[in-house]
Amino acid sequence: MNKTTTHADDHPLRVFLVEDSVDVRELMIENLTMIPGVVVSGVSESEGDALSQLNSLPCDVLIVDIQLKKGNGINLLRQIAEKKKIANALKIICSNNATEVFRRVGMQYGVNHFYDKTSEFPQLFEFLKGLSTSRQRCEHPA
């Protein structure tokens, strides 16, 4: 058996959040920490800082806003894809810019899910709750 293989039970679901709005960021962190089996492994408000942190902070889920204080989420996703960083992480865009163009561009850079920040917060957190629950089932099969 390959010793480098990791399993869901090796760690909680680690979420890295890239969001420049303090209010939205605090709301998201508050909601994420209420989900059993989920930890916020890192937070950033800019493209450059996120890239720097992602070099050293492992994550299972990357949640990115498109509009950031410095840089933008699409460029961040492009750089991550080009450098093959966090290749196995689930990539999610959560943004006010919920246009079809951004959805398609996000898919080009490995985005798995897209949530409209103005109306789909509950769906995002339900999705992550389900993801965490399924990981916990793998950890402790019935």
Please give me the minimum heavy-atom distance between [X] and [Y], naming the atom from each residue.
X: Leu57; Y: Gly42; value: CD1-CA, 4.1 Å
X: Leu128; Y: Leu13; value: O-CD2, 4.2 Å
X: Leu17; Y: Arg25; value: CD2-CG, 3.9 Å
X: Lys69; Y: Asp20; value: N-OD2, 3.3 Å
X: Gly73; Y: Leu68; value: N-CD1, 3.6 Å
X: Val43; Y: Asp49; value: O-OD2, 4.2 Å

Do Leu76 and Ile80 come close enough that some side-chain heavy atom pair is under 4.5 Å?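 The answer is yes, as the side chains (C-beta and beyond) meet within the 4.5 Å cut-off.
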Do the side chains of Leu77 and Leu62 get nearer than 4.5 Å, heavy atoms only?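 A side-chain contact exists here, since the closest heavy-atom pair is under 4.5 Å.
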For the atom pair [atom1] ([X]) and [atom2] ([Y]), what is the distance rounded to the nearest 0.5 Å?
X: Phe114; Y: Arg104; atom1: CZ; atom2: CZ; result: 11.5 Å
X: Gln108; Y: Arg103; atom1: CD; atom2: CZ; result: 15.0 Å
X: Glu26; Y: Glu19; atom1: CD; atom2: CD; result: 11.0 Å
X: Lys129; Y: Leu131; atom1: NZ; atom2: CG; result: 13.5 Å
X: His113; Y: Met107; atom1: NE2; atom2: CE; result: 11.0 Å
X: Met28; Y: Thr33; atom1: CE; atom2: OG1; result: 12.0 Å

Just jot down the side chain to side chain donor-acceptor pair (under 3.5 Å) partners of Glu120, sequence neighbours excluded, or say none.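 Once residues adjacent in sequence are excluded, Glu120 has no partner under the side chain to side chain donor-acceptor pair (under 3.5 Å) criterion.
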ILVMFWY network linking Leu27 to Val61, side-chain heavy atoms under 4.5 angstrom: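 The answer is yes; both residues are in one hydrophobic cluster.
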Going by ring-ring contact (aromatic ring centres under 6.0 Å, His included), name the residues that satisfy it together with Phe125, two or more places apart in sequence or in a different chain.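 Result, ring-ring contact (aromatic ring centres under 6.0 Å, His included) vs Phe125: Phe121.
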Donor-acceptor pairs are to be reported for all side-chain atoms of residues 87-95 against protein atoms at under 3.5 Å, with residues two or more places apart or in another chain.
from, atom 1, to, atom 2, distance (Å)
Lys91, NZ, Ile86, O, 3.1
Lys91, NZ, Ala89, O, 3.0
Ser95, OG, Asp65, OD1, 3.3
Ser95, OG, Asn97, N, 3.0

Main chain of [Y], side chain of [X]: is a donor-acceptor contact present, judged purely on distance under 3.5 Å?
X: Ser52; Y: Gly48; value: no
X: Ser44; Y: Ala50; value: yes
X: Asp60; Y: Arg14; value: yes
X: Glu47; Y: Lys70; value: no
X: Ser132; Y: Pro36; value: yes

Asp23 and Ser21: side-chain donor and acceptor closer than 3.5 Å?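 There is no such pair (donor and acceptor under 3.5 Å, judged by atom type) between the side chains of Asp23 and Ser21.
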